[in-house]
2 protein chains.
Amino acid sequence: MLKVDIDTKMKFLQGFSHKTRVQILESIKEEEKTVSQIVEELEGNQSNISQHLACLRGCGLIVGRQEGKYVHYRVRNQLVRDLLTMFDVVLEDVHKDIACCDSHID
Amino acid sequence: MLKVDIDTKMKFLQGFSHKTRVQILESIKEEEKTVSQIVEELEGNQSNISQHLACLRGCGLIVGRQEGKYVHYRVRNQLVRDLLTMFDVVLEDVHKDIACCDSHID
DNA sequence: GTATCATATTAGTAAATTCTAATATGTAAG
DNA sequence: CTTACATATTAGAATTTACTAATATGATAC
């Protein structure tokens, strides 16, 4: 397994570091959706969601496909879906011990 | 699979959202290490590393064990190790497409 | 108990990320 | 080519997260 450098890895992992991005990933994990569908579903605003989508695209986690004036986003591939599933599996196992780490260091 | 709520999930995922934390996880993935060993290996400072360790502990990703005046940390269990490995697998696959997402939104 | 060493915690500052609002781009329809 | 709608981009303000330095805690050895 060819190891990718740590900075590239961090860019990749940033995709999972914000609630909105994770919610987007979950939302399009099984079926592609347009930006406006995602905006509506997450009750976000267009600009903000669009920025998070750009981030996820940059992380390689999602891909978009233009169709007329709509852009449909979907999770990149099965491996990424598997990773998302694995989060749930590991988290369920670990769940009971999470307490501090309030999304920051203290 | 019993789904954990999104806020708990986010606390968990914060464990992977900082370079130092990911480096710590990689460092103790296969063998436990004391705080001072980690500090030395990452060339960090004691306070900072200690805070990141507290975060990872809070995320449920690592566990510590006191032995005399030393505390030995290790990755929580095999599932967490598997998840770390999976990052590398998926990242290698996705690698070529990472470009933007400079650890932020633009 | 006192000294020493390892680790943890705290408070305040510094830095990075995210959000909001405004504007730009691009596509389709008329 | 103008309008309308979907999405993207930008700039700056607001918020969150991380770092530094100082101090505290806890364990061992004396």
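Within every chain, numbering begins at 1; the chains are lettered A, B, ... in the order of the sequence lines, protein sequences first and strands thereafter.
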Can you name the atoms? Protein N/O to nucleotides 21-30 of chain C N/O, anything below 3.5 Å, with the distance.
| unit_1 | atom_1 | unit_2 | atom_2 | d |
| --- | --- | --- | --- | --- |
| C/dA21 | N6 | A/Ser47 | OG | 2.6 |

Kindly compute the distance separating [atom1] ([X]) from [atom2] ([Y]), expressed to the nearest 0.5 Å.
X: B/Leu84; Y: B/Ile28; atom1: CG; atom2: CD1; result: 9.0 Å
X: B/Glu67; Y: B/Glu32; atom1: CD; atom2: CD; result: 7.5 Å
X: A/Met10; Y: B/His18; atom1: CE; atom2: NE2; result: 7.5 Å

Nearest listed nucleotide, side chain of A/Ser17, among C/dT18, C/dT7, D/dA6: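 So the nucleotide nearest the side chain must be C/dT18.
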Options C/dA8, D/dT7, C/dC19, nucleotide nearest the side-chain atoms of A/His18: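 Of all the options, the side chain of A/His18 is nearest to C/dC19.
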Output the rounded distance in Å from [atom1] ([X]) to [atom2] ([N]).
X: A/Lys19; N: D/dT15; atom1: NZ; atom2: P; value: 17 Å
X: B/Asp7; N: D/dT16; atom1: CG; atom2: P; value: 13 Å
X: B/Tyr70; N: C/dA8; atom1: OH; atom2: P; value: 13 Å
X: A/Gln23; N: C/dT18; atom1: CD; atom2: C1'; value: 15 Å
X: A/Glu40; N: D/dC5; atom1: CD; atom2: C1'; value: 15 Å
X: A/Leu13; N: C/dT17; atom1: CG; atom2: P; value: 13 Å
X: B/Leu56; N: C/dA8; atom1: CG; atom2: C1'; value: 15 Å
X: A/Ile49; N: D/dA8; atom1: CD1; atom2: P; value: 11 Å

Summary of salt bridge (Lys or Arg N to Asp or Glu O under 4.0 Å) pairs that have at least one residue in residues 34-53 of chain A, sequence neighbours excluded: A/Lys33-A/Glu41
Sugar-phosphate only, base, or nothing, as touched by B/Ser50 at under 4.0 Å among non-hydrogen atoms: base
Donor-acceptor contact present, side-chain A/Arg65 to main-chain A/Arg74, <3.5 Å: no
Check: A/Glu92 side chain, A/Val94 main-chain N or O, donor-acceptor pair, under 3.5 Å: no
Does OP1 or OP2 of [N] have a side-chain N or O of [X] closer than 4.0 Å?
X: B/Ser36; N: C/dC5; result: no
X: B/Tyr73; N: C/dA8; result: yes
X: B/His52; N: D/dT17; result: no

Between B/Gln23 and B/Thr20, a side-chain donor and acceptor under 3.5 Å: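 Side-chain D/A pair, B/Gln23 to B/Thr20: absent.
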